[in-house]
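One structure is given below, encoded as structure tokens.
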Amino acid sequence: MALIITSPLRGWAAPLDSVPDPVFAQRMMGDGVAIQPLADTVCAPFDGEVVTLHEAGHAVSLRSDEGAEVLIHIGLDTVGLKGRGFTPLVAPGATVARGDPLIRFDMDAVALGATSLITPVIVTNAEAFTITRRTMGRAIGAHEELMALAPARTQPRRWSDDGTVIEERVTLILPHGIHARPAARLGECARQFEAEIHLLHGDKRGDARSTVGLLALGTRLGDELVVQARGSDAEAALAAIVALLGSDMGEGAPAHAPAIAVPAAPVLQPGQIGGVIASPGLAMGPAVRLRQTAIAVEREGKGVDAERTALDAARTEVRVRIGARADAAGGSVAAVMRAHLALLDDPELAAGAETRIAAGNSAGYAWRGAVHDQIAALKATGNAHLIERTDDLVDIERQVLGVLTGIPAEADAIAAGAILVADDLLPSQLVSIAASKPAGICLVRGGPTSHVAILCAGMGLPALVAMGDAIEAIEDGTALLLDAEAGHVTPDPSQADADAFAARLAKREARRDAARAAAGNACQTADGVRIELFANLGTVEDAKAAAAQGAEGSGLVRSEFLFLDREDAPSEDEQHAAYQGIADALPGKPVIVRLLDVGGDKPAAYIPFDAEENPALGLRGIRVGLAHRDLLETQIRAILRVQPVGQCRIMLPMVASVSEIRAVREVVERLRGEMGIETPIEVGVMVETPAAAITADLLAAEADFLSIGTNDLTQYVLAMDRGNPAVASGVDAMHPAVLRMIAETCRRATAKGRWVGVCGGLASDPAAVPILIGLGATELSTVPGFVPEAKAIVRSVTLADARDHAERALHCSSAAEVRALARAFEEKNA
Ligand code: PEP
Ligand code: MG
């Protein structure tokens, strides 16, 4: 009867070959399965006795009542921890029942001190037991079957009566039987001997040197075979073939993951309304329409002084309100609020209003006129990204007019759990509505890079924008299923659809909760490959939030937050204080500061930009720094001053040529010399242009690392403006063309020994994480709130599965097909 060994831990069951330690991978101690732990308590895998418990507490061996001996070794190189982080719960000699806790360990402490947390579970008396079944390549719960053992035969070898043929029985442990690859390896092994060797399966007989003969045996996992050898070296030949059949032959992790059918690209079902994903997620709830009150203003003023005083007072009141919001919030809300404060004090707006008041107009009329002048100026640029910023102007227009007229400018509170449906939404309205805890947002208009979109993403609020007039017809109270992963909303769903959606949502939430609970744990794939999980930051508040979410560093500090929305460039001291603050919030962790990335969609008032016909193809990114050396040098000096030296690395935006990294490296080295800094400073490049992707090998020869900015890379690969709502639905970084660029970058750079990360928005897309790892990225930098989930996704996949999945994605014909593939992968892994 089979002896069942249950998993001593919850985690991911992986083949021993994936353990990065030859002692286990080469089965020097015996055969078994490895577990990448997702829990901290090792339990007894059967009823039996504790034989040894190492004094360092990291390994325990047990003997089952049937005599099978099993060693459980927690992590690699953990003996060196000398017991730190391990709490033995039993003593040698103890009798245990299956599931009894044996050792508890501190996952954080052990992960930090060990090479890997991967935990081999080894059958050490293989001469007495054969593993007939094993669980590998999937998540496993504690107490689920990990292996099945059968007692080895007492007289395994038998000579034929005439003494010419020796034979031995084996139980096949290959997960897919003897298919082409194992057959080839058996043939290779057999050819090293003189002896004739045959495998017998039932009444079929195949020559071990013949691949076809072996395939024709039609074997499957668990089949009983007889291996026969005849000839001068028959004993040695038999032993070699039996030993090979007793191993996984590298089949533990199937080279090709079980086929995942690529579902057809999602098409809208009747009644569904499509939209552009501004903030991913799922939500269900009743529709609530936003009621906007129009604010009318008198034209005639009541005297210049009175109107001036009224406007000043209204602006002061709004300033205090926005300032309080900025202080109370953090991250993106605070950043948007600060941008609004800057607009409120914009001198052009003040001058425009003053002129109108001086001409006898009311404060409200003057303010509205001044704001509309600015909106007209932005619209005249034709730059879609700037046009999206007009929402911010309308926002402060309404807030000031609200104070002047006494008409509430902010949106009314809505019922918690409702889905807000609106023509458009202003940032301040979103912030006030967010307090009522809506479940999601659907907008007729709006763009995916608007402040509302950024705020929704920061709040984790699912949102679809640019949905068009179709959602105008949705009435208050209509039940909605908002799928901001596939990009559509279903009004009035059937009960079955609603139930299925609710189940999906509940699963998602449970996973998110579990991810949050494990946010502080180290990040590696299920088979122990380390993936660094960093966060993208703009401010010290972001850095604090990121640290709290388990970020292991910052892969992108968008330093332009210091440079935008102001009249002059920040001084070296001001910059240094900001970078130091961020570094201090992430003690001991790498902080990658991106050099000033302005130009294009991010103009800075004090840098003279000539009018450009194609700003996205003009003076932007590192080109600006190289054209304004004073700005570049000031920034690099501020970064080099951060203590401890070396914590901050430097990254160049929008690189197109090797000469750019050479030029910046030369500045860094010169300043380092001038400042007497001996520690080398890492300098890396962003891959945001097709040029950088296709020359990643050349850049890798000069740069310490490469980080892919998928936002810009997507717009340049697809020739679609990332800020233009008209093409927004096509700007999807999951497009196979973009994925192929990422693959090419990883291939070329890693061949030169440089790591590649991803700091663009794609890294924050749960569907993309396995693909990016599979393509070769070893660092992901995401929005801070996504760090725990990204870590959980990384932990749930093996590198082999991720590679296979990524390879399939590269061969899809559209982004929609890649997304369908990703959904199937996620469901299979769930
Ligand atoms: C990118 O382009 O992907 C990126 C990270 O830079 P930004 O979005 O700031 O342009
Ligand atoms: Mg960019």
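In what follows, every heavy atom counts, from backbone to side chain, and hydrogens, waters and symmetry copies are set aside. These figures come from a predicted structure and were not determined experimentally. First listed ligand is number 1; within each ligand, the first listed atom is number 1.
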Any donor-acceptor pair under 3.5 Å linking the side chain of [X] with the backbone of [Y]?
| X | Y | answer |
| --- | --- | --- |
| Glu817 | Ser813 | yes |
| Tyr716 | Ala616 | yes |
| His735 | Ala737 | yes |
| Arg740 | Leu810 | yes |

Scan residues 751-779 for pairs that pass side-chain hydrogen bond (donor to acceptor under 3.5 Å, both in side chains), counting only residues two or more places apart or in two chains.
-> Asp765-Arg819
Enumerate the atoms of ligand 1 whose separation from the nearest heavy atom of [X] is less than 4.0 angstrom.
| X | result |
| --- | --- |
| Asp712 | 1 (C), 2 (O), 3 (O), 10 (O) |
| Glu688 | 1 (C), 2 (O), 4 (C), 6 (O) |
| Gly760 | 3 (O), 5 (C) |

The Mg ion (ligand 2) to nearest N/O/S of Asp597 less than 2.8 Å | no
Closest to atom 4 (C) of ligand 1 among Asn711, Asp597, Thr689 (heavy-atom distance) | Asn711
The atom of Glu688 among N, O or S that is nearest the Mg ion (ligand 2) is OE2
Asp712, N/O/S atom nearest the Mg ion (ligand 2) | OD2
Counting heavy atoms under 4.0 Å, the part of Leu556 that contacts ligand 1 is side chain
Around atom CD of Glu348, are there more than 12 heavy atoms of other residues, nucleotides or ligands at under 6.0 Å?
-> no
Would you call Glu541 and Ile582 a side-chain contact if the rule is heavy atoms closer than 4.5 Å?
-> no
Non-hydrogen atoms of Arg594 versus ligand 1: any pair closer than 4.0 Å?
-> yes
